[in-house]
A.B. asks: 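Take this structure first; my questions come after.
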Amino acid sequence: MVLARALQRLLVQLRPSIFQTVKPSMASETNVVDTATVMAAVAPSNTEKRPAEEDGKKGEEPETKKAKTEVTSANETSAAANKEDKVKKFVKRKVALLLSYSGVGYYGMQRNPGPYPTIEEDLVKALLKTGAIPQDHARFMGKMSFQRCARTDKGVSAAGQVVSLKMLLLDNIENKLNEHLPPSIRVMGIKRTTGSFNSKHNCDYRTYMYMLPTFAFQPVDQLTTENYRLPAEKITEVNELLTQYLGTHNFHNFTSGKPFKDPSAMRHIKEFTCSEPFLEDYMEFAILRVRGQSFMLHQIRKMIGLILAIVKGVAQKSTLQKAFGEDKLDIPRAPGLGLVLEMVHYESYNNKWGNDGLHEPLTWEDCKAKLDDFKKSHIYPVIIEKEKREKAMMQWLSTLPLHTYDVQGKHNPMRSALETLNEAKKKAKLESDTSQSGEDSQDAKTSNNSGTETKPEEASVQPDCASKDEATQVTNDKKPDAEPTKPSEKSATELVEPSETSTATPSVENAEQTSNTNKDTTNQAVTSDLDKGSAETSETEGVAR
């Protein structure tokens, strides 16, 4: 053993590459044995020999390792195939979607948290049900680059709203979406756009229409009725006034919360006209159309409100030009029922991309017939029916004299008189209710005290007596039972003037006449008090109750 170790050290020092230089043809049996002995000495713990069948497979991988490699390769291939299928499944394209809807019953276009129905909420649900967008896009609309062109307010309808988004272009996608939408919301068309298209930022102009009954133009010195018909000269006057809005002006007086120096208050109006009137359900209507770059909150309704005030003769014509100045004026706001977003325009986009051979111009010429049918079936009838039922315009016209059309904060005598009159009416009604409740309480107390005795109303029944004198005697005997009604008489007379108190004293022969007189006196007193409250303003507070 010692000799073998010594030989090992010697061989390592003299010839470290002995196993690589010796050729197999020159090796002898003795050398092979010596080599084996040396290898055994170098690794004495490795005493087991490798199987003979493995000697020829030194260049190959073990079977276990090879199998593991094959499984890993198969998994990677499967994952890549799944990823490719998923990419193919959700390859979305940027599109422009033309939408028409009736805004009645909805809290505007924009989707908001809470239980309030919106147009976008129903649209996203339909996109999800048809498979045009994945589930996470419905929760986070920014993932599909969703953008609306105009944010319509509560109750405002639209015939040509456009939204841009990324979605799957499935077969017959337009009809599939309409199957999952209510009848008041319709998808009119879908067109491919450029990847950078934005329905809001690429829009050049927006056209709104305002449908209103023509009695809104009737002069204030005439009785306003639904039978009014708009004459041709009045249409000419309205169109002349509307031309003063054209161009670029500061519209800070036609919105809320914007000061005069705010640059965003500058807006450009391209067109503003009044169409010829038409009859619908025995009422005459007209349509005002305004076309501008963009509009602020309540801007269109205030512009129309001021025009109506001027045409009716409530406001001066000079008020319109004064509204473009720095002073903040008191301008009325027309009802929102007749306001409709009619169409949006993309002139610059169409000039650049509409004729490139890959994209269609966003003019929607092929959809105009469907848009007109939708307006006639879902927008116009709703406006007409609601106006005839609720009379929103008629009620709003009665408030025009309450505005000053001047710098805000100035005293308005008519508004103050109306407030005083309303306070007097409320005070008279409160006193009447208090008196009536006290009378009812006293009657109930009297009824409880009388127990099983004859009620005052029953005293009017004439007993079966032999003569008129006996009947009179019985009536006189019943009078004490009717005495408890006097406190109610006193409470009723507290509402009238002292000179009128004598008219409230009963002077009849039986209890039935006494009861009827008490009721008549109470009604007269309440009516007199209400009449006084309606006729008097500040002097009402000085009248003794």
Side-chain angles (χ1 to χ4, degrees), residues 93 95-106 109 119-120 122-123 126-127 130 132 148-150 152 156-165 167 169-193 197 199 202-212 270-271 273-281 284-292 337-347 349-351 353-355 359-386:
R93 303 298 182 188
V95 299
L97 190 147
L98 182 64
L99 200 64
S100 299
Y101 56 84
S102 174
V104 177
Y106 288 93
M109 172 68 182
I119 304 298
E120 287 182 4
D122 286 353
L123 178 61
L127 290 169
T130 55
R148 72 202 69 80
C149 178
T152 54
V156 177
S157 303
Q161 172 77 279
V162 174
V163 297
S164 57
L165 73 156
M167 57 177 286
L169 293 178
L170 305 175
D171 295 336
N172 201 19
I173 182 62
E174 181 179 329
N175 293 333
K176 290 180 179 178
L177 287 173
N178 287 328
E179 290 177 359
H180 297 286
L181 287 170
S184 59
I185 304 176
R186 296 285 94 179
V187 176
M188 297 299 181
I190 300 176
K191 293 185 179 182
R192 280 283 307 275
T193 63
F197 174 75
S199 62
N202 290 109
C203 180
D204 298 312
Y205 294 98
R206 298 165 176 83
T207 298
Y208 281 85
M209 56 168 283
Y210 190 85
M211 183 177 178
L212 75 167
K270 189 174 183 180
E271 183 181 352
T273 59
C274 176
S275 66
E276 293 292 329
F278 58 93
L279 282 175
E280 287 289 343
D281 197 9
E284 191 178 60
F285 287 85
I287 293 179
L288 302 177
R289 282 187 173 87
V290 56
R291 185 178 181 184
L337 176 61
L339 187 60
V340 179
L341 174 62
E342 190 170 34
M343 184 55 70
V344 292
H345 310 274
Y346 298 94
E347 296 177 358
Y349 175 86
N350 293 335
N351 294 335
W353 304 104
N355 299 317
H359 305 94
E360 300 179 69
L362 301 180
T363 55
W364 311 105
E365 294 290 340
D366 54 335
C367 301
K368 285 189 175 181
K370 293 190 292 184
L371 295 178
D372 291 338
D373 292 341
F374 185 86
K375 287 189 290 187
K376 293 178 181 178
S377 60
H378 289 87
I379 296 181
Y380 293 167
V382 173
I383 295 175
I384 295 171
E385 188 273 334
K386 196 169 184 180

A.B. asks: I want to check something: taking the side chain as every heavy atom from C-beta on, are L97 and V162 in contact at a cut-off of under 4.5 Å?
C.D. replies: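 No, their side chains stay 4.5 Å or more apart.
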A.B. asks: Taking all non-hydrogen atoms of both residues into account, name the closest pair between V344 and G160 and its distance.
C.D. replies: CG2-O, 3.6 Å
A.B. asks: Using the side-chain hydrogen bond (donor to acceptor under 3.5 Å, both in side chains) criterion, which residues pair with S100? Sequence neighbours excluded.
C.D. replies: none
A.B. asks: Looking at I185 and L181, what are the two nearest heavy atoms and their distance?
C.D. replies: O-CB, 3.6 Å
A.B. asks: Rounded to the nearest 0.5 Å, what separates atom CD in E284 from atom CG in L212?
C.D. replies: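 One finds 10.5 Å between CD of E284 and CG of L212.
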A.B. asks: Determine whether a donor-acceptor pair (N or O, by modelled atom type, separation under 3.5 Å) exists between the side chain of S164 and the backbone of S199.
C.D. replies: yes
A.B. asks: Just grab all the side chain to side chain donor-acceptor pair (under 3.5 Å) pairs involving residues 369-380, residues at least two apart or on different chains.
C.D. replies: E174-K370, E342-K375
A.B. asks: With sequence neighbours excluded, what pairs up with D281 under the side-chain hydrogen bond (donor to acceptor under 3.5 Å, both in side chains) test?
C.D. replies: none
A.B. asks: Looking only at heavy atoms, what is the nearest atom pair of G189 and C367, with distance?
C.D. replies: CA-SG, 4.4 Å
A.B. asks: Quick check against the 3.5 Å criterion: does R186 have a side-chain atom that pairs as donor or acceptor with the backbone of L371?
C.D. replies: no
A.B. asks: Verify whether one side chain among H180 and T130 offers a donor that lies under 3.5 Å from an acceptor in the other.
C.D. replies: no
A.B. asks: Under the side-chain hydrogen bond (donor to acceptor under 3.5 Å, both in side chains) test, which residues partner Y106, sequence neighbours left out?
C.D. replies: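 Result, side-chain hydrogen bond (donor to acceptor under 3.5 Å, both in side chains) vs Y106: D122.
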A.B. asks: Taking salt bridge (charged side-chain N to carboxylate O under 4.0 Å, His left out) as the test, write out the residues that go with E365, two or more places apart.
C.D. replies: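 For E365 the salt bridge (charged side-chain N to carboxylate O under 4.0 Å, His left out) partners, ignoring immediate neighbours, are K368.
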A.B. asks: Could you work out, with ring-ring contact (aromatic ring centres under 6.0 Å, His included) as the rule, every residue matching F197, not counting sequence neighbours?
C.D. replies: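 Only Y346, Y349 meet the ring-ring contact (aromatic ring centres under 6.0 Å, His included) criterion with F197.
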A.B. asks: Does Y101 reach the side chain of L99, with side-chain heavy atoms less than 4.5 Å apart?
C.D. replies: yes
A.B. asks: Can you name the residues that form a salt bridge (charged side-chain N to carboxylate O under 4.0 Å, His left out) with R206, not counting sequence neighbours?
C.D. replies: none
A.B. asks: Kindly say whether S102 contributes a backbone atom to a donor-acceptor pair with the side chain of S184 at under 3.5 angstrom?
C.D. replies: no
A.B. asks: Decide side chain to side chain contact (heavy atoms under 4.5 Å, CB included) for T193 and N202; before the verdict, give the C-alpha distance in whole Å, the side-chain angles of both, and the deciding distance to 0.1 Å.
C.D. replies: CA-CA 11 Å; T193 63; N202 290 109; over 6 Å; no
A.B. asks: What is the distance from atom OG1 of T273 to atom CG of L288, rounded to the nearest 0.5 Å?
C.D. replies: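 With rounding to 0.5 Å, OG1 (T273) is 8.0 Å from CG (L288).
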A.B. asks: Considering residues at least two apart in sequence or located in another chain, which fulfil the side-chain hydrogen bond (donor to acceptor under 3.5 Å, both in side chains) criterion with N178?
C.D. replies: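 For N178, no residue satisfies side-chain hydrogen bond (donor to acceptor under 3.5 Å, both in side chains) once neighbours in sequence are set aside.
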A.B. asks: Could you list the residues that satisfy side chain to side chain contact (heavy atoms under 4.5 Å, CB included) with V340, not counting sequence neighbours?
C.D. replies: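 In terms of side chain to side chain contact (heavy atoms under 4.5 Å, CB included), with neighbours along the sequence ignored, V340 is linked to S157, M209, I379, I383.
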A.B. asks: Quick one: CD on Q161 to CZ on R148, what's the gap to the nearest 0.5 Å?
C.D. replies: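 One finds 8.5 Å between CD of Q161 and CZ of R148.
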A.B. asks: Test of understanding: with side chain to side chain contact (heavy atoms under 4.5 Å, CB included), list the residues that count as partners of K191, not counting sequence neighbours.
C.D. replies: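 E360, L362, W364, D366.
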A.B. asks: Output all residues satisfying salt bridge (charged side-chain N to carboxylate O under 4.0 Å, His left out) with E385, sequence neighbours left out; order by chain, then residue number.
C.D. replies: R389
A.B. asks: Quick check: do L169 and R192 have side-chain heavy atoms less than 4.5 Å from each other?
C.D. replies: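 They are in contact (side-chain heavy atoms under 4.5 Å apart), so the answer is yes.
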A.B. asks: For Y208, give me all partners under ring-ring contact (aromatic ring centres under 6.0 Å, His included), at least two apart in sequence or on another chain.
C.D. replies: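 Counting only residues at least two positions away or on another chain, Y208 forms a ring-ring contact (aromatic ring centres under 6.0 Å, His included) with F295.
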A.B. asks: If you take all heavy atoms of A132 and I173, which pair is closest and at what distance?
C.D. replies: CB-CD1, 4.2 Å
A.B. asks: Would you say E271's side chain and R289's backbone share a donor-acceptor pair under 3.5 angstrom?
C.D. replies: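 No; zero donor-acceptor contacts below 3.5 Å.
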